[in-house]
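Data block below; observations after.
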Amino acid sequence: MDLVLNVADHYFLTPYVYGPNWPEDDLLRQILSLFAIANIGGYLLYFITATLSFYLIYDHRLLKHPQILPNQIRREIMCTVTSVPVMSIPTVALFAVEVRGYSKLYDNVGDSPLGWFWVVVSCFTFIAFTDACIYWIHRFLHHRTVYKHLHKIHHTWKVPTPFASHAFHPMDGFLQSCPYHIYPFLFPLHKITYLALFVFVNIWTVSIHDGDYRVPAPLQPFVNGCAHHTDHHLFYNYNYGQFFTLWDRIGGSFRNPTAFEGKGPLDEVIEREKTENGTVTMNGSKKAN
């Protein structure tokens, strides 16, 4: 995050906000700057990604599903907008520790334990590590003593839209993001790789709420896509995973998506439209009115 902070300082904060008399390495200044960057960046990433997903990918027929709430999109957005500033407070604390040099983030490929090989491998280990951690954090958030206080808000959206992707209770959102921040304190990670993965994670979070249930057939048993996560919203105690189905299979919480079986939310909408546009004959076939 110090790469972003340095650019912000050089081109905007020092010349126009703080002035040259407040040192750029002052802790309070760094915290204030990181708070602004985290919120502005978070909102931009959320609104750009979710809006593009909603208009380019999301099947708008899902808005006719009986479990879509009145003004749901507006409510999803308002939940996100009010949560992000609170969620960013502990996040900024971790960013500040990173910026002060206490993590294993590094600038140059030459500082990597195994050069470019580790830069590439770290992308996979980052995803594997965070996938495992998020599974257990997410499952913990479904424990009956915790669920009603934190995670229930996110399950307000039974059939989510892309705008539900970040519509969490602030502490819920922070807890599920913790693995992304913990990884660079445990393992070496290139700073640009870290930023790229951080953006990727946010895009992925939108993608599993985007209403596009298609997954290439060879990947269906392994990738936790929107079809899996939508069933999580509908049935609660299944498909807790973030990227893959591995931990759901290990933990006994895997459920084959209803969308893969012709019984998903979109299938319900299509069937409902057929019923509304036709009548059922004695033998069960449909006849147009």
Side-chain angles (χ1 to χ4, degrees), residues 1-53 80-81 83-127 129-130 162 165-166 170 173-174 176-207:
M1 189 55 68
D2 60 337
L3 297 178
V4 179
L5 181 59
N6 290 339
V7 170
D9 278 334
H10 181 76
Y11 290 102
F12 181 72
L13 296 176
T14 297
Y16 302 112
V17 179
Y18 299 121
N21 295 325
W22 195 349
E24 292 182 355
D25 61 354
D26 180 81
L27 177 60
L28 178 58
R29 170 174 164 161
Q30 288 177 334
I31 290 173
L32 293 173
S33 301
L34 288 168
F35 184 78
I37 291 169
N39 279 272
I40 294 171
Y43 282 138
L44 284 174
L45 192 56
Y46 167 71
F47 279 110
I48 291 172
T49 308
T51 301
L52 288 174
S53 176
T80 303
V81 167
S83 293
V84 165
V86 182
M87 194 188 310
S88 67
I89 293 172
T91 302
V92 165
L94 290 171
F95 283 158
V97 176
E98 291 172 5
V99 167
R100 303 295 286 188
Y102 293 100
S103 72
K104 294 188 177 184
L105 291 167
Y106 57 89
D107 292 283
N108 303 308
V109 175
D111 299 326
S112 167
L114 297 171
W116 279 105
F117 176 77
W118 178 254
V119 173
V120 174
V121 169
S122 65
C123 295
F124 296 97
T125 57
F126 178 91
I127 290 173
F129 174 84
T130 55
S165 57
H166 293 71
F174 172 70
Q176 293 202 61
S177 72
C178 274
Y180 307 127
H181 305 299
I182 291 171
Y183 181 94
F185 286 97
L186 300 177
F187 309 100
L189 186 63
H190 193 281
K191 291 180 179 179
I192 294 178
T193 305
Y194 182 45
L195 288 175
L197 287 168
F198 193 78
V199 172
F200 165 75
V201 163
N202 280 273
I203 293 173
W204 182 270
T205 302
V206 172
S207 77

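Predicted model, so just to flag it, every value in this text is computed and none were measured. The figures that follow rest on heavy atoms only: side chains count, while hydrogens, waters and symmetry mates do not. We number each residue from 1, following the sequence as shown.
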Please report the interatomic distance [atom1]([X]) to [atom2]([Y]), rounded to the nearest 0.5 Å.
X	Y	atom1	atom2	result
F126	L189	CZ	CG	7.0 Å
S103	L94	OG	CG	10.5 Å
R100	D2	CZ	CG	11.5 Å
S177	F198	OG	CZ	7.0 Å
L13	Q30	CG	CD	11.5 Å
Y180	N202	OH	CG	8.0 Å

Determine yes or no for a side-chain-to-main-chain donor-acceptor pair under 3.5 angstrom, with [X] supplying the side chain and [Y] the backbone.
X	Y	value
T49	L45	yes
S53	A50	no
T130	I127	yes
S165	T205	no
D26	L28	yes

Contacts table for residues 31-40: side-chain donor-acceptor under 3.5 angstrom, sequence neighbours left out:
| unit_1 | atom_1 | unit_2 | atom_2 | d |
| --- | --- | --- | --- | --- |
| S33 | OG | Y18 | OH | 2.9 |
| S33 | OG | R29 | O | 2.9 |
| N39 | ND2 | F35 | O | 2.8 |
| N39 | ND2 | S88 | OG | 3.0 |

Check whether any side-chain heavy atom of [X] sits under 4.5 Å from a side-chain heavy atom of [Y], and report yes or no.
X	Y	value
Y43	P85	yes
H166	V84	no
T125	F187	no

Under 6.0 Å from the OH atom of Y102, do we count more than 12 heavy atoms belonging to anything else shown?
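No.
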In terms of heavy-atom contacts, does CD1 of I89 have more than 12 from other residues, nucleotides or ligands at under 6.0 Å?
yes
Among all residues two or more places apart in sequence or in another chain, which pass the side-chain hydrogen bond (donor to acceptor under 3.5 Å, both in side chains) test with Y194?
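Y194 satisfies side-chain hydrogen bond (donor to acceptor under 3.5 Å, both in side chains) with E98, H181 only.
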Can you sort out the partners of T51 under side-chain hydrogen bond (donor to acceptor under 3.5 Å, both in side chains), two or more places apart, ordered by chain and number?
none
Which heavy atom of L186 sits nearest to which heavy atom of K104, and what is that distance?
O-NZ, 3.4 Å
Pairs meeting criterion salt bridge (charged side-chain N to carboxylate O under 4.0 Å, His left out) with involvement of residues 108-120, two or more places apart:
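The answer is none; no pair qualifies.
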Candidate pair I48 and L52, rule side chain to side chain contact (heavy atoms under 4.5 Å, CB included), full reasoning:
CA-CA 6 Å; I48 291 172; L52 288 174; 3.9 Å; yes
Would you sort out whether V17 and W22 count as a side chain to side chain contact (heavy atoms under 4.5 Å, CB included), showing the intermediate values?
CA-CA 10 Å; V17 179; W22 195 349; over 6 Å; no
Which side-chain N or O atoms in residues 116-123 pair as donor and acceptor under 3.5 Å with protein atoms at least two apart or in another chain?
| unit_1 | atom_1 | unit_2 | atom_2 | d |
| --- | --- | --- | --- | --- |
| W118 | NE1 | P188 | O | 2.9 |
| S122 | OG | W118 | O | 3.1 |
| S122 | OG | V119 | O | 2.8 |

D107 meets the salt bridge (Lys or Arg N to Asp or Glu O under 4.0 Å) criterion, sequence neighbours left out, with K191
